[in-house]
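Note that these values count all heavy atoms, side chains included, but never hydrogens, waters or copies made by symmetry. Throughout, protein chains are lettered first and strands after them, A, B, ... in sequence-line order, and every chain is numbered starting at 1.
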Amino acid sequence: MSAPDIAFAGPETAGPLSRLARSQYAALAAMRWQMFRNGMRTSRGALELGARAITYILYGALGLGLSAGLGAGAYAMASSTAARFLPVLFWTVFLVWQMLPIMLASFQEQFDLGILLRFPLGFRAYYLLYVIFGLIDVSTITGGLCCLGLWVGLTIARPGLFAWTALALIVFAAFNILLVRAIFAWIDRWLAQRRTREIVGAIFLLFVLSLQLLNPALHQSRHSRSVSREERMAERRKTAGEMWPWLAKANAVQRWLPAGLAAQAVKQAGEKKAAPAGGSLGILGIYALAAGAVLAWRLKAEFAGESLGEAPSRAKEAQAAERRSAGWFAGSGPIAAIVEKELRAMLRTMPLLYAVGAPLLLVLVFSGVFVRNGAPTSSFPFSLPVCLVYAQLGFTQLFYNSLGAEGTGIQLYFLSPTPMRTVMLAKNIFHSMLFFLTAGVAAVLAIFRLGLPPAPVLAASAAWLLFALPCNLAAGNIFSLTMPYRLNPGRLSRQRGSQASSLLSLLVQMGEMGVGALVLWLCWFTDRLWLATPILLALAVIALVIWDRGLRNADALANRHKENLIATLAKTE
Amino acid sequence: MEIAAIQTHGLTRRFGALTAVENVTLSVAQGQFFGFLGPNGAGKSTTIKMLTGLLEPSSGTMEILGQPFTAGALELKRQIGVVPEGMALLGRLTAPEYLRFVGRMYGLDGATTDQRTEELLDFMQLSNERKKLVTDFSHGMQKKLALAAAVIHGPKVLFLDEPFEGVDAIAAGMLKAMLQGMINRGATIFLTTHVLEIVERLCSHVAIIHQGRLVANGSLEELRAGVASTLPGAEASQRLTLEEIFLAIVGAGGTEAQQELSWLA
């Protein structure tokens, strides 16, 4: 018997606009719509939709605010003789576009297109879809609104620039979209494997240390806090004079970079220099194509079905490390087992490491806000608590979705004789250790940059941490059991998050911060700063009691939400 | 009277308007190798999920080893091993790390867990893959690991949901021998699989579920006799295979199966 002849539907070109590709786009759009509609069948889905709407309204408001500011700035510059400062606005848009996704990585829901690779999808169609799906993220919405603001501001000031500005901004936006997608695609690639992850980590650390050294390099002499206003102004003028040649050099360089080229194209068009403006736009277009090519390079490998699975390398060292670490967790009980497992899994789960590490590094960088002329400012005594608050934001996913990385392993907790309250307790213990470690590092970094704060502030900061931790754990346990979402351990971007969980957890965290800030402010205002510590400690005791009550209820809660937990965390899409 | 290893009465599970499992009453004696069969979507996995505490029944009762079984029956859970539908693996651990984790979750002491981990890894031929993360395992390797995890604590009752799916012939042979050894030592195994040849060879008793209802239950010989009695003389005199029994009971030999898909070349 001969093998069956399989009749194919006929030859199809794999072009991004072919009939096949178009039908695939339609199918994908229908699938997303159906998923969205089906998601509404449950009350949780409806909650998610509401949360997403609120989130997008907030992002939209942020974008509109920035847009209005940039538009006003562009109008002011274009209608005066300050058009040479236009690049500042374009660089601002560039930074917003590129930095926002990094800052919001853990809050965004993204669709992993890898699931489409099993279908007869051409590479160009896959690429197009990858870019199109990137259009529905916060950075594009915010960046797009910023561009719109610039366009409106420039057009009102110089109506004749209408078309040139639109063209320059479209090419600039295309460059930004492709660049941000390329950066994330490559970061995901590098973070997926241990060796490259170590290299990226080292480069990132060096980058942060370089930033750290930048400040003293620019301000070689440190000043006491009692410098007079005149002296300070004179010093600033001197510094500006010293920096001018550097700024001129930087200006010469930035003209050849994308944001500078876009600004230059607009400026040259305003000066009726069509050919140079066209040239600037052309170079900007080349940058956009280059970013697109870098993205294509990455996606090509992904499209070809590369496997980024990592096997722990250097077997002998790893074996020795395993024996050593096993010694720390010699206890054989479930709590020790879960703590050990959490540590191992976390060290291999990049999104969590990133979520905890990134705010810490940003504390180091942005604590410079409180540094003036190389010395800490005296006007704001609460810079340490602010840094601590920022550092703990990295724990959102750990606290509020502590089961998210379990995948199908969630079933094990329900199958084993270990009660869920023990599982949650063990996770809480691990997260608490990590929380205090991170807080300690953040405090050391902040003190290193800003100096030791007054003793009452230091004590109140510690007391606030003791209050915030049980609050987070108590709310986090409930959120983890009732609103879980699956965390893909190998990816930094393209995660499927839960807007409802993100929004509600943000509200809880803002509540903790609000309480802390209110207590500190009231005590400071009444000149009884020492009182903040006992008040926050009393609140910490209350929070501990609430956490304990919640933990006792974890088994009942887990049983009530068992099906949802298993369906959500063990599902395949 | 000997206590049944598994006993259900009127076990029912509804998902909204759909009744996935309806009024299932069955009894599995201790030491029995019990095959639980049914077409896709018949309710096999739903039944196993209820019997292992992963899913709350809508109504009905369950007893394991003579004790009422609920999700909170922790001591009873120590007596049960499960390879669930999704395998319950933790992708970011290596196989030894995962087995040690499972052992400790079941309350084994460290030394026993380590010893059994090594033995199971050797037995499952996973020793050479000890540095690989579970997420990078092939499907068959994951199945073997899930089975190792299900038995590490020496359960008295073992629930297996499609344990042989994706497992190579050599490993499948070893697994069958291991399961048979467990039966010889008094354990009870509740097995669902689509590989009827395995059930025919291993299981002493079989139940068939179809559209959520139990449509047959008994020893293989009882089922064979029951089906044979409904067939014409010549066919009834032949020794029926389990596949023939199964098809006769679930009625899959009808027009739907014989329809041709004319567009397939």
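- When atom types are taken as modelled, the side chain of B/K77 and the backbone of A/F414 share a donor-acceptor pair closer than 3.5 angstrom.
- With a 4.5 Å cut-off on non-hydrogen atoms, A/K562 touches chain B through its side chain but not through its backbone.
- Listed options B/V82, B/I80, B/L90 were ranked by heavy-atom pairs under 4.5 angstrom with chain A; first place goes to B/L90.
- Legend: side chain to side chain donor-acceptor pair (under 3.5 Å) pairs involving residues 420-429 of chain A, not counting sequence neighbours, sorted by first then second residue: A/E342-A/K427, A/E406-A/K427, A/R421-A/D555, A/N428-A/N477, A/N428-A/W547.
- Below 4.5 Å, heavy atoms of chain A meet no heavy atom from residues 153-168 of chain B.
- By the neighbour-count criterion of 12 heavy atoms within 6.0 Å, atom CG of B/N128 is sparsely surrounded, having that number or fewer from other residues, nucleotides or ligands.
- Within a 6.0 Å sphere centred on CZ of B/R78, other residues, nucleotides and ligands contribute more than 12 heavy atoms.
- Of the atoms belonging to B/E56, heavy atoms from both backbone and side chain fall under 4.5 Å from chain A.
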*asked:* Evaluate B/T94 against A/R344 for side-chain contact (heavy atoms from CB on, under 4.5 Å), listing each step before the verdict.
replied: CA-CA 10 Å; B/T94 62; A/R344 288 186 193 284; over 6 Å; no
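- Using a 4.5 Å cut-off between heavy atoms, B/F137 makes no contact with chain A at all.
- Heavy atoms closer than 4.5 Å to chain B are found nowhere in A/L565, neither backbone nor side chain.
- Applying a 4.5 Å heavy-atom cutoff, the residues of residues 44-54 of chain B that approach chain A are B/T52, B/G53, B/L54.
- Residues meeting the side-chain contact (heavy atoms from CB on, under 4.5 Å) test with B/Q32, sequence neighbours left out: B/V28, B/A29, B/F34, B/S204, B/H205.
- Among A/L415, A/I566, A/T408, the single residue meeting the side-chain contact (heavy atoms from CB on, under 4.5 Å) criterion with B/P84 is A/L415.
- Taken from NZ in A/K341 to CZ in B/R100, the straight-line distance is 15.5 Å, to the nearest 0.5 Å.
- Salt-bridge formation is detected for the pair B/R104/A/E340: a Lys NZ or Arg NE/NH1/NH2 atom is positioned less than 4.0 Å from an Asp or Glu carboxylate oxygen.
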